Amino acid sequence: MKLSEQEMENLYRSMDLDPAGVLQQKTFQQICAKKTSFKRKTVWGLSFACAAACVWLLIGVWQNAKDVSYLPDPAEFNRMNFAFYRDLALPGQDLGISLEDFPSWP
């Protein structure tokens with residue numbers, strides 16, 4: 001009797017090698033973590049601690065970022081622009097504005 005591959009596959013799928021479920025139960029006990037296991041509690045605790053530390057760090061960074069301004073004071077910005085264009089001017093060239101025209105900055 002010669003079986004095709006499909007018939008052989010169906011035959012093996014229909015066989016139950018563990019009718020009482022003993023092997024399945026042993027495998028389940030070895031692989032699956034219990035709800036009250038030490039490892040599970042430890043992993044959850046460490047995950048919670050890491051998440052809390054990340055949130056605390058982000059809040060700290062966010063609070064400190066509010067004080068930082070990315071653009072300089074407008075008066076300082078004007079003085080920097082004036083210094084830049086003064087350096088580009090040719091010797092003896094009149095820019096039509098002087099540094100004293102800008103308000104002083106602290």
Side-chain angles (χ1 to χ4, degrees):
M1 176 176 155
K2 189 170 186 180
L3 298 174
S4 70
E5 288 186 26
Q6 184 65 32
E7 291 172 336
M8 194 178 304
E9 184 179 342
N10 290 338
L11 179 66
Y12 278 111
R13 285 183 189 266
S14 66
M15 281 202 267
D16 188 9
L17 301 176
D18 188 21
V22 175
L23 290 174
Q24 184 178 1
Q25 189 63 27
K26 284 184 181 180
T27 305
F28 181 79
Q29 287 176 354
Q30 290 175 354
I31 293 175
C32 296
K34 297 169 184 67
K35 290 184 180 179
T36 58
S37 71
F38 173 75
K39 289 180 184 177
R40 182 176 283 225
K41 288 180 182 177
T42 304
V43 168
W44 274 106
L46 289 175
S47 299
F48 180 75
C50 288
C54 288
V55 167
W56 181 74
L57 181 67
L58 288 175
I59 289 174
V61 167
W62 180 65
Q63 290 293 330
N64 290 335
K66 283 201 249 180
D67 299 336
V68 176
S69 62
Y70 293 100
L71 292 176
D73 183 48
E76 181 184 355
F77 196 60
N78 286 338
R79 294 172 78 86
M80 288 186 333
N81 279 337
F82 178 78
F84 173 72
Y85 286 113
R86 184 184 56 207
D87 292 342
L88 290 180
L90 297 173
Q93 183 179 5
D94 183 20
L95 295 176
I97 192 168
S98 69
L99 192 57
E100 289 78 30
D101 294 338
F102 295 110
S104 63
W105 51 279

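Just so you know, these numbers come straight off a predicted model, no measurement behind them. The figures here come from the full heavy-atom set of this structure, side chains too, leaving out hydrogens, waters and symmetry mates.
- Considering all non-hydrogen atoms of both residues, Lys2 and Glu7 come closest at O-OE1, 4.5 Å.
- The shortest distance between side-chain heavy atoms of Gln6 and Asn10 falls below 4.5 Å.
- A single hydrophobic cluster is not seen to contain both Trp56 and Trp62; linkage of ILVMFWY side chains at heavy-atom distances under 4.5 Å, directly or through other members, places them apart.
- Legend: residues meeting side-chain contact (heavy atoms from CB on, under 4.5 Å) with Val55, ordered by chain and number and at least two apart, are Ile59.
- Under the salt bridge (Lys or Arg N to Asp or Glu O under 4.0 Å) criterion, Glu9 pairs with Arg13, not counting sequence neighbours.
- Residues meeting the side-chain contact (heavy atoms from CB on, under 4.5 Å) test with Phe48, sequence neighbours left out: none.
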